Amino acid sequence: ADGSTTSPALPPIIGLRISGVGNVPLPISDDHAGKIKSGITNAKNGGKSINSLYEIGADKIKIDNPQWEESIGELLTTVGYKLGVNPSYLSARPKKLMYMEQGGCINRRRDDEDDVNDVLGSLIIQLPSK
């Protein structure tokens with residue numbers, strides 16, 4: 001990456017697998033959406049449950065496409081150049097997968113207090129939907 005204004009594309013086939021659900025095709029089918037929602041709890045906002053937003057911990061998700069890591073690395077390099085940060089200082093690790101129903105939204109948030117010294121920002125990747 002040379003710091004141009006175009007960010008590298010992520011691979012179109014992710015190979016998403018969720019523990020208890022199995023392989024998840026994208027865009028997510030109604031059948032898989034039901035399986036995802038039945039196995040997890042609603043996300044919370046200020047202690048209140050959000051009915052249209054579900055969180056899945058990183059320990060329950062797996063990306064099987066080997067090009068995914070390479071593509072994320074290219075994305076981090078581009079982001080580093082754009083922010084004026086040496087890309088070798090950047091890394092990305094999944095923290096959670098959020099499943100959001102139509103009309104849902106993610107509010108601005110701060111990272112957990114124990115991550116605050118090691119976090120430059122949050123990378124949110126929106127997967128394709130119908």
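All values reported here derive from a predicted model rather than from experimental measurement.
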Open item on the list: Quick check for you: to the nearest 0.5 Å, what is the distance between D64 atom CG and L16 atom CG?
Closed with: 8.5 Å
Open item on the list: Would you say that P87 contacts L76 through its side chain, given a criterion of any heavy-atom pair below 4.5 Å between the two side chains?
Closed with: no
Open item on the list: Taking salt bridge (charged side-chain N to carboxylate O under 4.0 Å, His left out) as the definition, give me every residue that meets it alongside D59, ordered by chain and number, with sequence neighbours left out.
Closed with: none
Task: Distance in Å, L90 CG paired with L75 CG, rounded so as to fall on 0.5 Å steps - done: 10.0 Å
Open item on the list: According to a hydrophobic-cluster definition based on side-chain heavy atoms being under 4.5 Å apart (Ile, Leu, Val, Met, Phe, Trp, Tyr only), do V21 and I13 belong together?
Closed with: no
Task: All side-chain contact (heavy atoms from CB on, under 4.5 Å) counterparts of N86, not counting sequence neighbours - done: S88, Y89
Task: Check: E74 main-chain N/O paired with T78 side-chain donor or acceptor under 3.5 Å - done: yes
Task: Distance (rounded to the nearest 0.5 Å) between I63 CD1 and S71 OG - done: 11.5 Å
Task: L83 CG: over 12 foreign heavy atoms closer than 6.0 Å - done: yes
TODO: Supply the atom-to-atom distance I61 CD1 to K96 NZ, rounded to the nearest 0.5 angstrom.
DONE: 11.5 Å
- [ ] State which residues pass salt bridge (charged side-chain N to carboxylate O under 4.0 Å, His left out) with K60; sequence neighbours excluded, sorted by chain then number.
- [x] none
- [ ] Walk me through it: do I28 and L26 pass the test side chain to side chain contact (heavy atoms under 4.5 Å, CB included)?
- [x] CA-CA 5 Å; I28 296 173; L26 297 175; 3.6 Å; yes
TODO: Nearest 0.5 Å please: distance from the NZ atom of K35 over to the CD1 atom of I18.
DONE: 11.0 Å
TODO: Could you check K37, E55, H32 and say which one makes a side-chain contact (heavy atoms from CB on, under 4.5 Å) with Y99?
DONE: K37
Open item on the list: Let me confirm one number: the CH2-CD1 distance from W68 to I14, rounded to the nearest 0.5 Å.
Closed with: 4.5 Å
